Amino acid sequence: MAEKVSILISEQEVADRIAAMAAQISEAYRDKDLHLICVLKGGTFFMTELSKHLSIPCSLDFMALSSYGDGTKSSGNVKIVKDLDESIEGKDVLVVEDIVDSGHTLNYLCRRLNERSPRSLKLCTLLDKPDRREVFVHVDYIGFQIPDAFVVGYGLDYQQKYRNLPFIGVVEL
């Protein structure tokens, strides 16, 4: 059975908001060496575009975590699938995530990253679903707050499909 996907946030709205967030982050980190950590796979599209719009030097690293499996709801059971390639000790770190949903994944990730002694650790997400929050997570930079719907596009997937959509869409199952 094929899923229907309707547009929630247009390609232009996403592009405009990412450019605005990059300007805000560039100002906040103007005199610092920013280290971006992308949460794979979903955060790839967002971090790529965000980093292209930053007006400051930055370094990049990648981490993969899993709490979904093939379902549409977080299992709450988080595991590291791919760890960082470099140390973050003493660095100003910005975690770049596609979506904050239940909060379990980012809560787990922030606890683990803080154990590695970064100078600072902040969070940036393209999408925030506050109605689904089960665990508190402070997010410093939010692209869009969205309703409790299963979204795809711009890196977000449903069973590994739809990541390549240039907009944020809602999957109607």
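The model shown is predicted, which means the values in this text are computed figures rather than measured ones. Along the sequence shown, the residues carry numbers beginning at 1. Reckoned from all heavy atoms, side chains included, excluding hydrogens, waters and symmetry mates.
Considering only heavy atoms from C-beta on, Y162 stays 4.5 Å or farther from D157 through its side chain. Put simply, the side chain of Y154 reaches to within 4.5 Å of the side chain of E49, judged on heavy atoms. Between L36 and S51, some side-chain heavy-atom pair lies under the 4.5 Å cut-off. Contact check for L127 versus V100: no side-chain heavy atoms found under the 4.5 Å cut-off. You'll find the side chain of M21 reaches within 4.5 Å of the side chain of L50, heavy atoms only. Side-chain atoms of V95 and L121, non-hydrogen and from C-beta on, do get closer than 4.5 Å to each other. With a 4.5 Å cut-off on side-chain heavy atoms, I18 and D16 do not count as touching. Residues F46 and C38 are not in side-chain contact: their nearest non-hydrogen atoms beyond the backbone lie 4.5 Å or more apart.
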Could you walk me through whether I168 and I146 pass the side-chain contact (heavy atoms from CB on, under 4.5 Å) check?
CA-CA 10 Å; I168 303 300; I146 62 169; 5.5 Å; no
Step-by-step side-chain contact (heavy atoms from CB on, under 4.5 Å) determination, M63 to L113
CA-CA 11 Å; M63 234 179 151; L113 292 177; 4.1 Å; yes
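Relative orientation of the Y158 and F150 rings is perpendicular, given thresholds of 30° and 60° on the angle between their planes.
By the rule that hydrophobic residues join a cluster once side-chain heavy atoms approach within less than 4.5 Å of another member, V39 and I80 end up as members of one cluster. Connection of V135 to L109 is not established within any shared hydrophobic cluster, with ILVMFWY side chains joined at heavy-atom distances below 4.5 Å, either directly or through further cluster members.
Of the possible polar contacts, one joining the N114 side chain to the C110 backbone as a donor-acceptor pair under 3.5 Å is found. Counting only distance, with no hydrogens or angles, the side chain of K91 and the backbone of S87 share a donor-acceptor pair below 3.5 Å. Judged by distance alone, with hydrogens and angles left aside, the side-chain atoms of R17 form a donor-acceptor pair with the main-chain N or O of G143 at under 3.5 Å. With hydrogens and angles ignored, the 3.5 Å screen pairs no side-chain donor or acceptor of D92 with any backbone N or O of L34. Looking only at distances, no side-chain donor or acceptor of E27 sits under 3.5 Å from a matching main-chain atom of Q24.
In this structure, D61 CG and L84 CG are separated by 4.5 Å, a value rounded to the nearest 0.5 Å. Interatomic distance, CD1 of I9 versus CD1 of I7, reported as 11.0 Å (0.5 Å rounding). Taken from NE2 in H53 to OG in S55, the straight-line distance is 11.5 Å, to the nearest 0.5 Å. Distance CZ/F45 to CG/D98: 11.0 Å, rounded to 0.5 Å. The distance from the CG atom of L60 to the CD atom of E86 is 9.0 Å, given to the nearest 0.5 Å. We find the CG-OG1 distance between L106 and T125 to be 7.0 Å, quoted to the nearest 0.5 Å.
When all heavy atoms are compared, the tightest approach of I25 to C124 is CD1-SG, 4.0 Å. When all heavy atoms of K129 and P147 are compared, the pair lying nearest together is CG-O, 3.5 Å. Scanning all heavy atoms of the two residues, the minimum distance from L156 to V151 falls at CB-O, 3.8 Å. Considering all non-hydrogen atoms of both residues, V170 and A149 come closest at CG1-CB, 3.9 Å. Across every non-hydrogen atom of Y29 and V93, the tightest pair is OH-O, 4.2 Å.
A cation-pi geometry, defined here as NZ or CZ lying under 6.0 Å from the six-membered ring centre and within 45° of its normal, does not hold between R111 and Y108.
There is no side-chain donor-acceptor pair under 3.5 Å between D33 and H35.
Residue K82 qualifies as enclosed at atom NZ: its count of foreign heavy atoms under 6.0 Å is above 12.
Between K161 and E3 there is a salt bridge, with a side-chain nitrogen of the basic residue lying less than 4.0 Å from a carboxylate oxygen of the acidic one. Between D128 and R133 there is a salt bridge, since a side-chain N of the basic residue sits under 4.0 Å from a carboxylate O of the acidic one. Ion pairing between D83 and R116 holds under the 4.0 Å rule for side-chain N and carboxylate O.
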